[in-house]
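A quick write-up on the structure given underneath.
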Amino acid sequence: MEKGLAGKTIVLAASRKTDEMTTLIEKQGGTALVRSMQGTVFLAEKEVEPVLKQIVEEKPDFFIFTTGIGTQTLLDVASRLGIYDDFLSVIQNASVASRGYKTFGVLKKLGIQPVAVDEDGTTAGLIQSLKHIDLQGKRVAVQLHGDASPKMIGFLEGKGASILQVLPYQHTAPDDVIVETLIQEMKEKKVDAVCFTTAIQVRSLFKYAKKIGTDKELLSLFTNEIDAVSVGKVTSEALREEGVEHYVAPELERMGAMIIELSKYYNLQSE
(Lines give C-alpha, C1' and ligand atoms only; values in the text may rest on other atoms or scores of the structure.)
Protein backbone atom coordinates (compact mmCIF):
# COMPACT_ATOMS: atom_id res chain seq x y z
CA MET A 1 0.00 0.00 0.00
CA GLU A 2 1.24 3.49 -0.83
CA LYS A 3 2.17 5.53 2.20
CA GLY A 4 -0.67 7.81 3.30
CA LEU A 5 1.27 11.07 2.97
CA ALA A 6 2.93 10.25 -0.35
CA GLY A 7 2.91 13.35 -2.53
CA LYS A 8 1.41 15.44 0.27
CA THR A 9 2.86 18.67 1.65
CA ILE A 10 2.06 19.08 5.33
CA VAL A 11 2.48 22.37 7.19
CA LEU A 12 3.48 22.33 10.86
CA ALA A 13 2.19 25.43 12.64
CA ALA A 14 3.99 24.43 15.84
CA SER A 15 7.24 25.79 17.21
CA ARG A 16 8.36 22.72 19.20
CA LYS A 17 9.04 19.09 18.29
CA THR A 18 9.01 20.10 14.63
CA ASP A 19 12.07 17.95 13.85
CA GLU A 20 10.38 14.84 15.23
CA MET A 21 7.16 15.57 13.36
CA THR A 22 9.06 16.29 10.15
CA THR A 23 10.75 12.88 10.43
CA LEU A 24 7.37 11.19 10.95
CA ILE A 25 5.88 12.96 7.94
CA GLU A 26 8.82 11.97 5.76
CA LYS A 27 8.56 8.34 6.92
CA GLN A 28 4.95 8.43 5.76
CA GLY A 29 6.11 9.66 2.35
CA GLY A 30 5.20 13.34 2.80
CA THR A 31 6.98 16.68 2.75
CA ALA A 32 6.93 18.89 5.84
CA LEU A 33 6.98 22.69 5.93
CA VAL A 34 7.46 24.46 9.26
CA ARG A 35 5.43 27.67 9.40
CA SER A 36 5.20 28.46 13.09
CA MET A 37 2.05 30.33 14.08
CA GLN A 38 2.95 30.04 17.77
CA GLY A 39 4.81 33.30 18.29
CA THR A 40 6.04 33.52 21.86
CA VAL A 41 4.28 33.32 25.19
CA PHE A 42 5.94 35.24 27.99
CA LEU A 43 5.40 35.75 31.71
CA ALA A 44 3.86 39.22 32.03
CA GLU A 45 4.67 39.66 35.70
CA LYS A 46 4.83 43.46 35.68
CA GLU A 47 1.44 43.67 33.95
CA VAL A 48 -0.11 41.19 36.39
CA GLU A 49 1.11 42.79 39.62
CA PRO A 50 -1.37 45.71 39.63
CA VAL A 51 -4.22 43.35 38.68
CA LEU A 52 -3.44 41.07 41.64
CA LYS A 53 -3.39 44.06 43.97
CA GLN A 54 -6.72 45.17 42.51
CA ILE A 55 -8.16 41.70 43.15
CA VAL A 56 -7.04 41.75 46.78
CA GLU A 57 -8.56 45.20 47.22
CA GLU A 58 -11.84 44.68 45.35
CA LYS A 59 -12.46 41.02 46.29
CA PRO A 60 -14.30 39.65 43.22
CA ASP A 61 -17.39 37.52 43.77
CA PHE A 62 -16.35 34.88 41.27
CA PHE A 63 -13.12 33.47 39.82
CA ILE A 64 -12.70 31.52 36.58
CA PHE A 65 -9.40 29.68 36.19
CA THR A 66 -8.66 28.21 32.76
CA THR A 67 -5.12 26.75 32.95
CA GLY A 68 -3.15 25.05 35.68
CA ILE A 69 0.11 26.85 34.91
CA GLY A 70 -1.65 30.22 34.84
CA THR A 71 -3.36 29.59 38.17
CA GLN A 72 -0.10 28.52 39.80
CA THR A 73 1.73 31.51 38.33
CA LEU A 74 -0.77 33.94 39.86
CA LEU A 75 -0.15 32.33 43.25
CA ASP A 76 3.63 32.55 42.73
CA VAL A 77 3.50 36.22 41.73
CA ALA A 78 1.25 37.01 44.70
CA SER A 79 3.81 35.32 46.95
CA ARG A 80 6.64 37.43 45.53
CA LEU A 81 4.53 40.53 46.11
CA GLY A 82 3.95 39.52 49.74
CA ILE A 83 0.17 39.27 49.27
CA TYR A 84 -0.17 35.49 48.92
CA ASP A 85 -2.33 35.00 52.02
CA ASP A 86 -4.61 37.89 51.10
CA PHE A 87 -4.93 36.68 47.50
CA LEU A 88 -5.67 33.11 48.59
CA SER A 89 -8.24 34.34 51.11
CA VAL A 90 -10.08 36.27 48.39
CA ILE A 91 -10.25 33.14 46.21
CA GLN A 92 -11.38 30.95 49.13
CA ASN A 93 -14.19 33.37 49.94
CA ALA A 94 -15.41 33.58 46.35
CA SER A 95 -17.12 31.09 44.05
CA VAL A 96 -14.71 29.40 41.66
CA ALA A 97 -15.01 27.76 38.23
CA SER A 98 -12.28 25.61 36.71
CA ARG A 99 -11.39 24.40 33.21
CA GLY A 100 -9.10 21.41 32.67
CA TYR A 101 -7.81 18.70 34.98
CA LYS A 102 -4.50 20.49 35.66
CA THR A 103 -6.33 23.59 36.86
CA PHE A 104 -8.60 21.45 39.02
CA GLY A 105 -5.50 19.81 40.51
CA VAL A 106 -3.95 23.15 41.51
CA LEU A 107 -7.21 24.27 43.14
CA LYS A 108 -7.63 20.94 44.92
CA LYS A 109 -4.22 21.34 46.58
CA LEU A 110 -5.45 24.68 47.93
CA GLY A 111 -8.59 23.04 49.32
CA ILE A 112 -10.82 24.88 46.85
CA GLN A 113 -13.84 23.05 45.44
CA PRO A 114 -15.09 24.67 42.22
CA VAL A 115 -18.82 25.27 41.84
CA ALA A 116 -18.50 24.72 38.07
CA VAL A 117 -16.15 22.55 36.01
CA ASP A 118 -16.04 21.59 32.34
CA GLU A 119 -16.93 18.11 31.19
CA ASP A 120 -14.46 17.96 28.32
CA GLY A 121 -11.55 20.36 28.89
CA THR A 122 -12.95 23.06 26.60
CA THR A 123 -14.14 26.62 27.08
CA ALA A 124 -17.51 25.60 25.64
CA GLY A 125 -17.75 22.88 28.26
CA LEU A 126 -17.01 25.36 31.03
CA ILE A 127 -19.55 27.85 29.67
CA GLN A 128 -22.16 25.09 29.67
CA SER A 129 -21.52 24.46 33.37
CA LEU A 130 -21.81 28.20 34.12
CA LYS A 131 -25.15 28.72 32.40
CA HIS A 132 -27.24 28.01 35.50
CA ILE A 133 -25.22 30.37 37.72
CA ASP A 134 -26.49 33.91 38.32
CA LEU A 135 -23.68 36.33 37.49
CA GLN A 136 -25.80 39.45 37.06
CA GLY A 137 -23.91 42.38 38.59
CA LYS A 138 -21.17 40.07 39.91
CA ARG A 139 -17.51 41.00 39.74
CA VAL A 140 -15.80 38.11 37.91
CA ALA A 141 -12.03 37.65 37.64
CA VAL A 142 -11.05 35.51 34.64
CA GLN A 143 -7.59 33.97 34.33
CA LEU A 144 -6.74 33.48 30.65
CA HIS A 145 -3.65 32.12 28.96
CA GLY A 146 -1.77 33.72 26.09
CA ASP A 147 -4.69 35.46 24.44
CA ALA A 148 -8.20 36.68 25.12
CA SER A 149 -11.16 34.33 24.95
CA PRO A 150 -13.90 36.20 23.06
CA LYS A 151 -16.36 33.35 23.57
CA MET A 152 -15.96 33.32 27.36
CA ILE A 153 -15.90 37.10 27.69
CA GLY A 154 -18.97 37.45 25.46
CA PHE A 155 -20.81 34.86 27.54
CA LEU A 156 -19.97 36.65 30.81
CA GLU A 157 -21.02 40.02 29.39
CA GLY A 158 -24.30 38.44 28.32
CA LYS A 159 -24.80 37.23 31.88
CA GLY A 160 -24.42 40.80 33.15
CA ALA A 161 -21.08 40.25 34.87
CA SER A 162 -18.42 42.88 35.48
CA ILE A 163 -15.22 41.31 34.16
CA LEU A 164 -11.61 41.61 35.25
CA GLN A 165 -9.27 39.75 32.90
CA VAL A 166 -5.99 38.38 34.27
CA LEU A 167 -3.34 37.18 31.81
CA PRO A 168 -0.25 35.96 33.67
CA TYR A 169 1.10 34.83 30.32
CA GLN A 170 0.71 36.99 27.25
CA HIS A 171 1.24 36.24 23.61
CA THR A 172 3.50 37.91 21.08
CA ALA A 173 2.25 37.27 17.54
CA PRO A 174 4.34 35.27 15.06
CA ASP A 175 6.40 37.02 12.39
CA ASP A 176 4.09 38.61 9.79
CA VAL A 177 6.30 37.32 6.98
CA ILE A 178 5.79 33.70 8.09
CA VAL A 179 2.00 34.13 8.31
CA GLU A 180 1.89 35.86 4.91
CA THR A 181 3.99 33.05 3.42
CA LEU A 182 1.63 30.37 4.70
CA ILE A 183 -1.48 32.20 3.50
CA GLN A 184 0.08 32.63 0.04
CA GLU A 185 1.10 28.96 -0.09
CA MET A 186 -2.46 28.00 0.81
CA LYS A 187 -3.90 30.27 -1.89
CA GLU A 188 -1.56 28.74 -4.46
CA LYS A 189 -2.59 25.21 -3.34
CA LYS A 190 1.01 24.37 -2.50
CA VAL A 191 0.01 22.63 0.73
CA ASP A 192 -2.42 19.80 1.46
CA ALA A 193 -2.85 20.12 5.23
CA VAL A 194 -2.01 22.45 8.12
CA CYS A 195 -1.32 20.87 11.52
CA PHE A 196 -2.16 22.90 14.63
CA THR A 197 -1.01 21.85 18.09
CA THR A 198 -2.33 24.78 20.17
CA ALA A 199 -5.31 27.12 20.02
CA ILE A 200 -2.97 30.13 19.80
CA GLN A 201 -1.65 28.89 16.44
CA VAL A 202 -5.20 28.82 15.06
CA ARG A 203 -6.01 32.27 16.41
CA SER A 204 -2.74 33.77 15.14
CA LEU A 205 -3.42 32.62 11.58
CA PHE A 206 -7.02 33.80 11.50
CA LYS A 207 -6.29 37.05 13.32
CA TYR A 208 -3.76 38.02 10.67
CA ALA A 209 -6.08 36.86 7.88
CA LYS A 210 -8.83 39.09 9.28
CA LYS A 211 -6.41 42.02 9.44
CA ILE A 212 -5.56 41.72 5.73
CA GLY A 213 -9.10 40.79 4.70
CA THR A 214 -8.49 37.20 3.57
CA ASP A 215 -10.24 35.37 6.41
CA LYS A 216 -13.23 34.31 4.28
CA GLU A 217 -10.91 32.97 1.59
CA LEU A 218 -8.89 31.17 4.26
CA LEU A 219 -12.02 29.55 5.66
CA SER A 220 -13.09 28.53 2.15
CA LEU A 221 -9.71 26.90 1.58
CA PHE A 222 -10.03 24.89 4.80
CA THR A 223 -13.57 23.93 3.82
CA ASN A 224 -12.90 22.87 0.25
CA GLU A 225 -9.20 22.46 -0.52
CA ILE A 226 -6.91 22.07 2.49
CA ASP A 227 -7.25 19.82 5.53
CA ALA A 228 -6.97 21.30 9.01
CA VAL A 229 -5.40 18.93 11.54
CA SER A 230 -5.68 19.36 15.30
CA VAL A 231 -4.12 18.02 18.49
CA GLY A 232 -6.34 18.31 21.54
CA LYS A 233 -9.86 19.41 22.34
CA VAL A 234 -8.90 23.04 23.00
CA THR A 235 -7.19 23.34 19.61
CA SER A 236 -10.17 21.73 17.89
CA GLU A 237 -12.47 24.12 19.73
CA ALA A 238 -10.46 27.09 18.39
CA LEU A 239 -10.86 25.76 14.83
CA ARG A 240 -14.63 25.46 15.28
CA GLU A 241 -14.82 28.97 16.73
CA GLU A 242 -13.12 30.26 13.57
CA GLY A 243 -15.67 28.40 11.44
CA VAL A 244 -13.58 25.36 10.48
CA GLU A 245 -16.03 22.49 10.88
CA HIS A 246 -14.04 19.76 9.14
CA TYR A 247 -10.69 18.78 10.64
CA VAL A 248 -8.68 15.65 11.34
CA ALA A 249 -7.93 14.95 15.01
CA PRO A 250 -6.50 11.88 16.74
CA GLU A 251 -8.15 10.44 19.84
CA LEU A 252 -4.76 10.37 21.56
CA GLU A 253 -3.81 14.01 22.11
CA ARG A 254 -0.20 13.67 20.97
CA MET A 255 1.69 15.17 18.03
CA GLY A 256 2.90 11.82 16.73
CA ALA A 257 -0.63 10.44 16.84
CA MET A 258 -1.74 13.45 14.79
CA ILE A 259 0.61 12.58 11.91
CA ILE A 260 -0.40 8.90 11.97
CA GLU A 261 -4.10 9.86 12.00
CA LEU A 262 -3.58 12.15 9.01
CA SER A 263 -1.81 9.37 7.13
CA LYS A 264 -4.71 6.98 7.86
CA TYR A 265 -7.16 9.67 6.71
CA TYR A 266 -5.45 10.04 3.33
CA ASN A 267 -5.21 6.27 2.94
CA LEU A 268 -8.98 6.04 3.39
CA GLN A 269 -9.49 8.90 0.94
CA SER A 270 -7.50 7.08 -1.74
CA GLU A 271 -9.40 3.79 -1.42
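Numbers for residues simply follow the sequence, beginning at 1. Heavy atoms only: backbone and side chains are in, while hydrogens, waters and symmetry mates are out.
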Exercise for review: Check each of Leu221, Leu219, Leu218 against Val244 using the side chain to side chain contact (heavy atoms under 4.5 Å, CB included) test, and report the only one that passes.
Suggested key: Leu219
Check your understanding: Do Glu49 and Leu52 come within less than 4.5 Å of each other through their side chains, counting heavy atoms only?
Key -> no
Practice item. Could you tell me the separation between the NZ atom of Lys53 and the CG atom of Asp86, rounded to the nearest 0.5 Å? Key: 12.5 Å
Review point. Side chains of Ser263 and Gln28: do they bring a donor and an acceptor to under 3.5 Å?
Key: yes
Review point. Any side-chain heavy atom of His246 within less than 4.5 Å of one from Thr223?
Key: no
Exercise for review: Would you indicate whether the side-chain heavy atoms of Ile212 and Ile183 approach each other to under 4.5 Å?
Suggested key: yes
Review point. At their closest point, which heavy atom of Pro168 faces which heavy atom of Leu43, and how far apart are they?
Key: O-CD1, 3.4 Å
Review point. Near Lys159 NZ, under 6.0 Å, is it more than 12 heavy atoms from other residues, nucleotides or ligands?
Key: yes
Review point. Do Val48 and Phe87 belong together in a cluster built from hydrophobic side chains that touch within less than 4.5 Å?
Key: yes
Review point. Once you round to the nearest 0.5 Å, how far does CD1 of Ile153 lie from CD1 of Ile163?
Key: 5.0 Å
**Study point:** Min side-chain heavy-atom separation Glu58-Arg139 under 4.5 Å
**Key:** yes
Review point. Does a donor on one side chain sit under 3.5 Å from an acceptor on the other, for Thr198 and Gln201?
Key: yes
Exercise for review: Taking atom NZ of Lys17 as the centre, report whether more than 12 heavy atoms of other residues, nucleotides or ligands fall under 6.0 Å from it.
Suggested key: no
Point to revise | Nearest-0.5 Å distance, CG of residue Asp85 to OG of residue Ser79 | key: 8.5 Å
Point to revise | Same apolar cluster: Phe63 and Val106, side chain cutoff 4.5 Å | key: yes
Point to revise | Ile55 with Ile91, same ILVMFWY side-chain cluster at under 4.5 Å | key: yes
Check your understanding: So, Thr67 and Gln143: side-chain donor and acceptor under 3.5 Å apart, yes or no?
Key -> yes
**Study point:** Co-membership, hydrophobic cluster, residues Val115 and Met152, 4.5 Å side-chain
**Key:** yes
**Study point:** Derivation and outcome, side chain to side chain contact (heavy atoms under 4.5 Å, CB included), residues Cys195 and Met258
**Key:** CA-CA 8 Å; Cys195 297; Met258 171 183 68; 3.7 Å; yes
Exercise for review: Looking only at non-hydrogen atoms, find the nearest pair between Phe62 and Ala94 and report the distance.
Suggested key: N-CB, 4.2 Å
**Study point:** Test item: side-chain donor near acceptor, Asp227 and Tyr266, under 3.5 Å
**Key:** yes
Practice item. Kindly compute the distance separating OG1 (Thr214) from CZ (Phe206), expressed to the nearest 0.5 Å. Key: 9.5 Å
